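Before any comments, here is the structure.
Please read these numbers as outputs of a predicted model, since none were measured by experiment.
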Amino acid sequence: GNDVTPQVLYQADPAAVQAKASRFFMDEISAGGSASDQTTTTGSFTMPFSRYHSITPFLFFCSLSDVQGKRDAMKELVTEDMLKEVIEVYISETDSISLLDIPSTFVSVDAHDAEAIIERNNQYAEVCRNRMGNDKYVDRSMQTLNGEAKNKQVQSDSIVMVDTAATVTAWDMYDTYISPEQDETVCVPQAERADYPEVAVDTSRGAEKNMSVGSSTSTGSVASSLKEQEALGNGLNAESELQLIMLSEKFQHLLLVTERSILGNVFQPKLAAYRELPILEDSDIPMKPGTVEQREDTESPRPPAVECLWAFSCELSRGRSVSSMAWNKKYPDLLAVGYGELDSSNQKPGLVCCWSHKNPTWPERVIYCDSAVTSLDFSFNNPSQLAVGMQDGSLVIYNVQSRNQLCVVSSSECTNKHLAPVWQIRWTQQDLSLTGEEKLEALYTVAADGKICKWFICNNGLDCIELMKLKKIHNTKKKSVLSALSPGLCFDFHPRDSSIYLVGTWEGLIHKCSSSNSQQFLETYRKHFCPVNCIIWCPLIPDVFLSCSSDWTIQLWKQDHLNPVLGFSSTQKAVCDIKWSPKCATVFGAVNEGQLEIWDLNSSILDPVIVQPAAPGVKMTSLLFATQTDCVLVGDSDGQVTVYQLKNLSVGKNSQVKLRNR
């Protein structure tokens with residue numbers, strides 16, 4: 001019931017307006033609202049407008065003739081002067097009425113309240129971040145109803161199947177599956193070609209000078225020079241592409257597979273003899289086993305002998321002395337060889353090569369060391385870890401599985417590290433329980449500084465604890481102990497009891513020690529009067545061990561006897577290394593500077609059954625039996641590791657010899 005009609009803000013003559021309104025009021029009503037739409041002329045434009053009045057409803061009765069008469073009177077009242085009269089119309093804007101207002105959720109960073117909004121957002125984010133740890137925050141689950149599924153069917157055209165075929169060649173497949181690094185090399189030679197036209201332009205300029213002088217052969221020289229430069233660019237382009245292909249990783253892998261296949265065919269008779277397999281006389285016809293057995297029955301028994309199969313050697317190892325060798329505990333075909341010149345007059349950096357039977361001509365891994373390598377050994381639990389001891393007393397563990405040859409840990413930061421050559425290193429498994437089911441692997445070393453250390457890995461690298469100090473002992477009844485330490489040269493742990501070990505010293509003494517007692521020796525075995533170079537327990541008879549010394553002798557000991565059971569000597573040269581056979585308890589091997597000796601106690605205790613002399617000018621330095629075959633490996637001073645096959649070595653049914661004290 002409120003009148004919201006806009007009112008005129010300004011009236012020039014209120015009396016005139018009121019008079020006009022009263023004069024035409026009844027006429028507008030009687031005309032049925034015909035005067036509600038009028039046209040007002042203002043200066044130069046016309047516009048329609050409407051007037052609305054709040055009128056109290058009432059009824060009046062009039063005839064059609066009266067209405068028509070009043071319309072005629074209305075027309076008569078409009079005079080020409082009235083049409084020329086200027087009427088001023090004022091238009092004003094009313095208040096805006098908002099039907100829907102949605103405020104914006106974004107604020108400009110330049111707004112006056114931007115900092116407050118940012119602070120509020122940060123507080124809300126902090127609340128959301130900490131709500132999981134808040135006591136008031138509770139996770140609750142609820143079950144919701146899934147919407148009713150609705151099936152809708154659509155009709156489509158049927159799919160037309162078409163069979164197609166194409167011919168593919170070998171080069172099409174190569175171009176399709178080419179490696180990305182080779183795709184990148186396609187654009188490289190084009191950048192190199194851009195340098196050659198500059199040379200051709202310089203040459204043409206010189207030719208143009210000759211043409212200005214009047215030379216008739218300048219055009220031919222320019223053409224020939226351009227052809228030469230183009231041919232040179234194409235040749236260099238082809239060479240660069242060939243080098244990039246040869247250096248790619250995929251091509252290197254293909255070369256490795258091809259090389260192993262070729263070497264497998266070349267060394268097939270040797271590898272078959274090593275693995276005790278039939279030797280193929282022809283690539284298609286294998287040897288008949290029945291023929292070999294018939295020859296052996298008809299011929300007389302042959303004496304034991306060795307046959308050279310092959311030698312692990314390459315340009316990197318040639319001229320370096322083999323100091324130590326070790327088989328991988330998990331992969332018996334992987335051999336680690338340490339090289340180092342122990343003579344002070346000819347010092348060279350150390351080298352470690354990991355050889356495989358798949359390629360006897362080149363090692364699988366090559367590790368360069370700062371000092372000469374004196375000892376190495378593979379881990380039991382982690383077959384890829386190789387511990388290497390060096391002449392300067394340092395100890396490094398390498399990961400041979402990595403191609404980058406990155407060392408895992410080193411003893412460079414250890415304050416208790418060895419200060420003299422590490423002559424032997426050994427990974428040993430120790431029992432953690434009485435049942436022996438749980439075992440822990442530990443690393444032990446013996447060095448020329450007279451200390452036996454146990455190593456473990458820490459944050460800064462390798463750290464150690466002193467397991468035993470090899471103190472010198474006088475050969476008196478009182479056995480007084482001096483403060484000086486005797487250099488340790490070798491040691492070996494008992495095959496059954498990992499807490500018991502033997503250590504050989506520079507004085508020629510052999511001490512029996514315990515890991516739980518670091519103050520005194522359990523026993524001392526006296527027989528050698530020169531440095532003990534090697535000690536090894538028998539893997540098949542736990543109470544028997546061998547020792548060799550620079551006094552030209554080999555001694556056979558029993559654990560409960562302080563005197564040796566047997567003594568062996570065949571030459572007047574220092575015995576460098578000695579090893580038991582892993583298959584027979586009566587067979588062992590030894591090397592001195594001049595020859596390889598294979599002893600069989602079932603056959604003779606006076607002389608070796610097999611003697612293999614060294615090559616002229618070469619000294620044998622180390623020895624190692626193959627773990628699964630009747631072969632032995634010998635390292636020499638020239639950097640070669642020769643593989644010998646033991647042939648015609650008769651092993652009795654009872655491989656254990658009854659040892660009695662003399």
Side-chain angles (χ1 to χ4, degrees), residues 308 310-328 333-357 359-379 384-400 402-403 405-407 410-411 418 420-427 445-448 489-490 533-534 574 576-577 579 591-593 596 614-615 617-626 632-644:
C308 179
W310 70 84
F312 294 105
S313 178
C314 63
E315 296 179 357
L316 300 176
S317 63
R318 193 170 294 115
R320 299 173 181 263
S321 179
V322 177
S323 59
S324 58
M325 298 182 295
W327 291 109
N328 191 282
D333 289 345
L334 184 60
L335 175 68
V337 181
Y339 303 88
E341 295 292 339
L342 304 181
D343 188 6
S344 59
S345 62
N346 187 16
Q347 286 290 336
K348 294 182 180 180
L351 180 69
V352 176
C353 294
C354 295
W355 297 90
S356 175
H357 294 161
N359 188 358
T361 60
W362 192 259
E364 299 291 331
R365 294 288 185 272
V366 178
I367 302 174
Y368 295 94
C369 304
D370 298 333
S371 181
V373 178
T374 55
S375 59
L376 50 81
D377 192 21
F378 276 106
S379 171
S384 61
Q385 292 186 2
L386 177 65
V388 179
M390 304 182 189
Q391 191 175 11
D392 59 355
S394 60
L395 177 64
V396 183
I397 299 179
Y398 293 96
N399 183 13
V400 297
S402 174
R403 292 184 178 273
Q405 303 174 1
L406 300 176
C407 66
S410 175
S411 64
H418 293 294
V422 181
W423 289 119
Q424 193 165 358
I425 186 171
R426 182 66 58 86
W427 291 93
T445 56
V446 60
L489 301 181
C490 57
N533 296 324
C534 183
C576 302
D577 198 1
K579 291 291 185 297
V591 291
N592 50 47
E593 296 179 355
L596 164 66
V618 177
K619 298 180 180 179
M620 294 184 176
T621 57
S622 58
L623 175 67
L624 187 64
F625 273 89
V632 64
L633 285 71
V634 179
D636 54 29
S637 59
D638 194 29
Q640 291 188 358
V641 178
T642 308
V643 181
Y644 293 99

Determine the minimum heavy-atom distance between [X] and [Y], stating which atoms define it.
X: Val641; Y: Met325; result: CG1-SD, 3.6 Å
X: Ile425; Y: Leu395; result: CD1-CD1, 3.0 Å
X: Met620; Y: Ala614; result: CE-CA, 3.7 Å
X: Ala336; Y: Phe378; result: CB-CE1, 3.4 Å
X: Ser375; Y: Ser324; result: CA-OG, 3.4 Å
X: Ala420; Y: Ala447; result: O-CB, 4.1 Å

With sequence neighbours excluded, tell me which residues meet salt bridge (Lys or Arg N to Asp or Glu O under 4.0 Å) with Asp377.
Lys329
Donor-acceptor pair, side chain of Ser384 and main chain of Asn399, under 3.5 angstrom
no
Under 3.5 Å, is there a donor-acceptor pair between the side chain of Arg320 and the main chain of Pro349?
yes
Hey, are Ser622 and Asp577 close enough side-chain-wise for a donor-acceptor pair under 3.5 Å?
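No, no side-chain donor-acceptor pair sits under 3.5 Å.
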If you define the side chain from C-beta out and look only at heavy atoms, does anything of [X] sit under 4.5 Å from [Y]?
X: Leu489; Y: Gln424; result: no
X: Tyr339; Y: Cys353; result: yes
X: Trp362; Y: Leu316; result: yes
X: Arg318; Y: Ser313; result: yes
X: Asn359; Y: Glu364; result: yes

Any chance you could measure [X], atom [atom1], to [Y], atom [atom2], to the nearest 0.5 Å?
X: Leu386; Y: Cys354; atom1: CG; atom2: SG; value: 6.0 Å
X: Arg426; Y: Leu376; atom1: CZ; atom2: CG; value: 11.0 Å
X: Gln391; Y: Cys369; atom1: CD; atom2: SG; value: 12.5 Å
X: Cys576; Y: Asn592; atom1: SG; atom2: CG; value: 6.5 Å
X: Thr621; Y: Asp636; atom1: OG1; atom2: CG; value: 6.5 Å
X: Tyr398; Y: Arg365; atom1: OH; atom2: CZ; value: 14.5 Å

Do His418 and Trp423 have their ring centres less than 6.0 Å from each other?
no
Apply side chain to side chain contact (heavy atoms under 4.5 Å, CB included) to Val632 and Leu624, showing your working.
CA-CA 6 Å; Val632 64; Leu624 187 64; over 6 Å; no
Partners of Cys308 by side chain to side chain contact (heavy atoms under 4.5 Å, CB included), sequence neighbours excluded?
Thr642, Tyr644
Would you check, one step at a time, whether the test side chain to side chain contact (heavy atoms under 4.5 Å, CB included) holds for Val337 with Trp355?
CA-CA 8 Å; Val337 181; Trp355 297 90; 3.8 Å; yes
Determine the interplanar angle of the Phe312 and His357 rings, folded into 0 to 90°, and report it as parallel if under 30°, tilted if 30 to 60°, perpendicular if over 60°.
parallel
Can you list everything that forms a side chain to side chain donor-acceptor pair (under 3.5 Å) with Asp392? Sequence neighbours excluded, please.
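For Asp392 the side chain to side chain donor-acceptor pair (under 3.5 Å) partners, ignoring immediate neighbours, are Ser394.
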Let me know which of Val373, Leu351, Val400, Val388 forms a side chain to side chain contact (heavy atoms under 4.5 Å, CB included) with Ile367.
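For Ile367, the side chain to side chain contact (heavy atoms under 4.5 Å, CB included) test succeeds with only one of Val373, Leu351, Val400, Val388, which is Val400.
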